[in-house]
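As C-alpha cells, the structure follows; a few thoughts come after it.
Residue numbers start from 1 in every chain, and the chains themselves are labelled A, B, ... in the order their sequence lines are given, proteins ahead of strands. Note that the structure is predicted; figures quoted are calculated from it, not measured.
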2 protein chains.
Amino acid sequence: MATAVAVTISDAEWRVMRIVWTLKQTDSRTIIDLLEQQHDWKPATIKTLIGRLVKKGALATTKQGRQFIYTPLIPEQNAMDTALTNELSQMCAMHRGTAIAHVLEETEMSQADVQNLIDVLAKKLPTAPASVHCDCLPDGCEGSCEE
Amino acid sequence: MATAVAVTISDAEWRVMRIVWTLKQTDSRTIIDLLEQQHDWKPATIKTLIGRLVKKGALATTKQGRQFIYTPLIPEQNAMDTALTNELSQMCAMHRGTAIAHVLEETEMSQADVQNLIDVLAKKLPTAPASVHCDCLPDGCEGSCEE
DNA sequence: GGCTTGAGTTTACATCTGTAAACGCAAAGT
DNA sequence: ACTTTGCGTTTACAGATGTAAACTCAAGCC
C-alpha cells in the first residue's frame with residue numbers, strides 16, 4: 001500500500017492545492033499569477049508554499065525544460081474528506097449531528113447534492129442507533145452531559 | 001454586540017474545552033485528572049492549555065477560595081459550528097456537497113439526528129440552485145473544473 | 001559566449017502549537 | 001508560626017505556519 005501518511009495541508013497551502021487540483025497540472029508561473037490575484041501574497045510566499053507542498057508529498061514535479069510541471073499527488077476529494085473528518089472527530093460525538101445540521105443550513109449546494117445527501121441519510125436511518133453518547137469524559141464518567 | 005472575535009481553539013485546547021463544556025464548570029484539579037486519563041499529558045501541559053484558553057477568552061475564571069472555577073465563555077455548539085464552517089469554506093464550493101456526503105457516511109449519529117438532517121435538507125431542496133460552480137480560480141477563470 | 005531572466009532553493013523571522021519544567025505564593029495542616 | 005502542598009504563572013523549546021527576501025543556476029537572448 002502507498003505510504004500515504006495522510007499529508008497535512010495548512011490553510012495557505014490549501015489555496016495552492018486548489019489551483020493545481022482544478023487545473024490538473026500547471027507550472028509555478030501560472031500558480032503564482034492566479035494566487036497573486038486572489039490574495040496579496042508576494043511571489044516569494046507562493047514559491048515557499050509550493051516548495052513545502054512538494055516536500056510534503058502533496059505535489060509531484062515533472063521536469064519540463066527549465067521548469068517544473070506540478071501535479072497533485074493526493075486527490076482533492078480525499079483531502080477534503082480527511083480534513084472534515086478530522087475536525088469532526090475532535091468534537092463531542094453526541095453533538096456532531098447538530099453541528100452538521102448547522103453547517104448544512106449555511107452551505108450552498110446544488111439540488112443534486114442536496115438530493116444525494118437525503119439519499120445517503122435515508123439509507124442511514126434504519127441502522128442509526130437510538131442515541132449516541134457524549135464521549136468528552138474518560139470512560140466511566142459519562143452521564144453528565146445529558147440535557 | 002459582543003467583541004467575540006471568534007476565538008481560535010487549537011486541537012489540544014479542544015480537549016480541555018470539551019471537559020469544561022461537559023461539566024459546565026470545574027476546577028483545574030478535575031480537568032487535570034480527567035485529561036491525564038485520556039491522554040498521557042503531564043499536569044504542566046494541561047495547566048498551560050488552561051492558561052492559554054483563559055488568555056484567549058475561551059474560559060472564564062471565578063475565584064473560589066484558593067483556586068479558580070472555570071466556565072466556558074464560548075458555547076460548544078458555536079465553536080463546533082465555526083470550526084466546521086471554516087474548514088468547509090476553504091474548500092472548493094463545487095465539491096463541498098460530496099465531501100459532506102462522505103462525512104455523513106462515516107459519522108455515527110442518532111436516528112433523531114439523521115431524521116433532523118433529512119428535514120433540514122428537505123426544506124433546503126426547493127431553494128437549492130441547479131448547480132454551484134467551482135471557485136478555486138480567480139473570477140473569470142472558471143470553466144476548467146467541470147468534469 | 002556573456003548577460004539577463006526567471007524557476008526553484010535557502011535563509012529569515014514572528015507567531016502559534018504541543019509539550020513541559022520551574023517558580024511564586026497563599027491556603028492548609030501540625 | 002512553620003512547613004508543606006497545590007494552584008496559577010513564567011519560562012522553555014522544538015516544530016508548524018504565514019510571510020517574504022536573497023541566492024543559485026541553467027536556459028534564453030544578443
Rounded distance (Å) that lies between atom [atom2] of [N] and atom [atom1] of [X]:
{"X": "B/Gln90", "N": "D/dT17", "atom1": "CD", "atom2": "C1'", "value": "13 Å"}
{"X": "B/Ile69", "N": "D/dG8", "atom1": "CD1", "atom2": "C1'", "value": "14 Å"}
{"X": "B/Ile31", "N": "D/dC7", "atom1": "CD1", "atom2": "C1'", "value": "12 Å"}
{"X": "A/Trp41", "N": "D/dA21", "atom1": "CH2", "atom2": "P", "value": "15 Å"}
{"X": "A/Arg52", "N": "D/dA16", "atom1": "CZ", "atom2": "C1'", "value": "8 Å"}
{"X": "A/Leu49", "N": "D/dT17", "atom1": "CG", "atom2": "C1'", "value": "9 Å"}
{"X": "B/Lys42", "N": "D/dA12", "atom1": "NZ", "atom2": "C1'", "value": "16 Å"}
{"X": "B/Leu53", "N": "D/dT9", "atom1": "CG", "atom2": "C1'", "value": "15 Å"}

How about [X] and [Y]: do any of their side-chain heavy atoms sit closer than 4.5 Å?
{"X": "B/Cys134", "Y": "A/Thr22", "answer": "yes"}
{"X": "A/Leu117", "Y": "A/Met109", "answer": "yes"}
{"X": "A/Leu137", "Y": "B/Leu23", "answer": "yes"}

What is the nucleic acid contact for [X], judged by heavy atoms within less than 4.0 Å: base, sugar-phosphate only, or nothing?
{"X": "A/Asp27", "result": "nothing"}
{"X": "B/Ser10", "result": "sugar-phosphate"}
{"X": "A/Lys63", "result": "nothing"}
{"X": "A/Thr48", "result": "base"}

Taking 4.0 Å as the cut-off, does a side-chain nitrogen or oxygen of [X] come that near to OP1 or OP2 on [N]?
{"X": "B/Arg29", "N": "D/dG6", "result": "no"}
{"X": "B/Ser28", "N": "D/dG8", "result": "yes"}
{"X": "A/Lys55", "N": "D/dT17", "result": "no"}

Side-chain ([X]) to main-chain ([Y]) donor-acceptor, under 3.5 angstrom:
{"X": "A/Arg15", "Y": "A/Leu35", "value": "no"}
{"X": "A/Thr127", "Y": "A/Lys124", "value": "yes"}
{"X": "B/Arg18", "Y": "B/Glu76", "value": "no"}
{"X": "A/Arg96", "Y": "B/Met80", "value": "no"}

Closest to the 5' end of DNA chain D, once A/Asp40 and A/Ile9 are matched to their nearest nucleotides, is A/Ile9
Outermost DNA chain C nucleotides near chain B [under 4.0 Å, heavy atoms]: C/dT17 to C/dA28
Please round to 10 degrees the angle between the axis of the first five pairs and the axis of the last five pairs in the helix from C/dG1-D/dC30 to C/dT30-D/dA1. 10°
Inspect the contact between A/Lys123 and A/Asp119 and indicate whether a charged nitrogen and a carboxylate oxygen are less than 4.0 angstrom apart. no
Under 30°, 30 to 60°, or over 60°: which ring-plane class applies to B/Tyr70 and B/Phe68, parallel, tilted or perpendicular? perpendicular
State plainly whether one hydrophobic cluster holds both B/Leu73 and B/Val16, where clusters connect Ile, Leu, Val, Met, Phe, Trp and Tyr through side-chain heavy atoms under 4.5 angstrom apart. no
